[in-house]
Amino acid sequence: MTIHQISVFLENRAGQLAQITTALAEENIDLRAINIAETSDYGVLRLIADQPQKAASTLLEKGFILSMTPVIAVSVPDAPGGLARVLEVLAAAAVDVEYMYSAFGQGDGKAYMIFRVTDIDKLVQALQGGGIQPVTGEEMGIH
Amino acid sequence: MERYYQQEIECASREQILAWQNERLVRQVQNVWDNVPYYRKKMEEKGLTPKDVRGVEDLYKLPFLTKDDLREAYPYGLMARPLKDCVRIQSTSGTTGKRVVAFYTQHDIDLWDDCCARAIVAAGGTNEDVCHVCYGYGLFTGGPGLNGGSHKVGCLTLPMSSGNTDRQLQFMVDLESTILCCTPSYAAYLAESAIERGLRDKIKLKAGIFGAEAWSEEMRQDIQNKLGIKAYDIYGLTELSGPGVSFECSEQTGMHINEDHFIAEIIDPNTGEVLPEGSKGELVFTSITKEAFPLLRYRTRDICVLSRKPCSCGRTHVKMSKPMGRSDDMLIIKGVNVFPSQIETVLLAQGYAANYQILVDRVNNSDTLEVQVEMTPEMFSDQLSQVAEREKQLVNALKAMLGIYAKVRLVAPKSIQRSEGKAVRVIDKRKI
């Protein structure tokens, strides 16, 4: 049910991000989602790749510091109120969300949201209770 | 079972050591008076003649020598022997100002090698060992000193010199080096590189003798753990001979000064007054056996403490603490004395690597201090708030240690340049 997110330490320096995307491109790795949280000096790059293990080993070889984080993906109707409904369900169940971000559209009229929570089971239960099924890695084209 | 290179000297009674020092000091003062006009003039200015120094208790009367004197007297002004009696020149790695050169007779080199041999035996070295020396060879005293000591002990000596890490590791594995001699920062780099290349289990090292730069207790632990060795400190100055002025024994609680060759004093760096035993102050040395280049009361600029507490190793020579900083490495930031070693201690205690750089600048007439630290896998998290929290803890710990605010900048791994000799830790951009 969970999807592997790769979190990479990013020094705030010209070319750091390009170095990462180039390294992944050279290995023919496709990105499904990308997000950056930053301070003025450094940031954390979070990415979902179609081949998580290969992406991680590629970046480790380049000397990057990273960690693998389990996250949950949810498909949201690409229409007004789509995300609001999901968040209402989570609020009602008092699920604590560490952070969330959107994934690239799959061209199927749906948007995907990635959730990082401390308690994954609680999140999944809350979603299912609200009639929302988390998206599997396969559905997002992740091997 | 503790082993010694020269047991009768290293474990001599205090009375015996003092008797040697008294006799040799009196002879050395006469020698300098007769042969070094530069110092004789300094003595005359103080109204002194050799008769005023009857033993160690009169040492305090003599004038100091500083690095400035060595530069002023460059190159031959402090020699006590004609050049034809000398066989070697070494020079400081000094990065500022004029270099300092030191001269050696063959006898001087023999005694210097003995001092280094004592250090190697104290670190467990025997003629069964392969001694891997990757201090620089050349004008720098590190390579030649440990090389000479290693020969005296009878170790199989690998004169690697510095640099070319891949070759260092290959020889270390293929020739089964057991004792490593280099700067602590290079030892840390070798350890890191060995682990990266999967060579950690193929290395047969048992001990390391690391000196020529300041390193903290935490850095010692780090090197010991990564290489699976016992890491010994060694201290010295080109001006006095080179490495081996003092060295650590198995107790690892300070370095025994070779008192049969050097008399140590601790002074107040501001007043020049000799401080009682156990006080923290500037270390001053008098070389009492050097022939070619004898320095009386040479101010090292190193801040440390001397201790005569009995040592479990059986050696009786006085111990000096690791230098807590140098009065000329000391940074004055916003009026506060800051030693790079203090920053290193905090970093290691907080779980960061010993790869760091200190940037000092002056912005709008106010000093700024920035510490660049490499991120490590252990300190990283996908949650920015946790990384920021750890960063804040580090800022607080630095503030507690230094008394002033230091900006922390977390940088990418391996982005701070590794050094193969003395690490460049401080970049002071202030134009004062």
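Just so it is clear: chains get the letters A, B, ... in the order the sequence lines come, proteins before strands, and each one is counted from 1. Just so you know, these numbers come straight off a predicted model, no measurement behind them.
Every residue meeting the ring-ring contact (aromatic ring centres under 6.0 Å, His included) condition with F210(B), not counting sequence neighbours, appears here in chain and number order: W215(B).
Minimum interatomic distance between P413(B) and I65(A) (heavy atoms only, all atoms of both residues): CG-CG1, 3.5 Å. Considering every non-hydrogen atom in both F9(A) and F380(B), the closest pair reads N-CZ, 3.4 Å.
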Across chain B and chain A, what donor-acceptor pairs are shorter than 3.5 angstrom?
from    : atom 1 : to      : atom 2 : distance (Å)
D382(B) : O      : R46(A)  : NE     : 3.2
D382(B) : O      : R46(A)  : NH2    : 3.0
D382(B) : OD1    : R116(A) : NH2    : 3.0
D382(B) : OD2    : Y99(A)  : OH     : 2.4
D382(B) : OD2    : R116(A) : NE     : 2.7
E391(B) : OE1    : Y42(A)  : OH     : 2.7
K407(B) : NZ     : D41(A)  : OD2    : 2.6
R409(B) : NH1    : D41(A)  : OD1    : 3.2
A412(B) : N      : E11(A)  : OE1    : 2.7

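Counting non-hydrogen atoms of other residues, nucleotides and ligands closer than 6.0 Å to NZ of K334(B) gives a total above 12.
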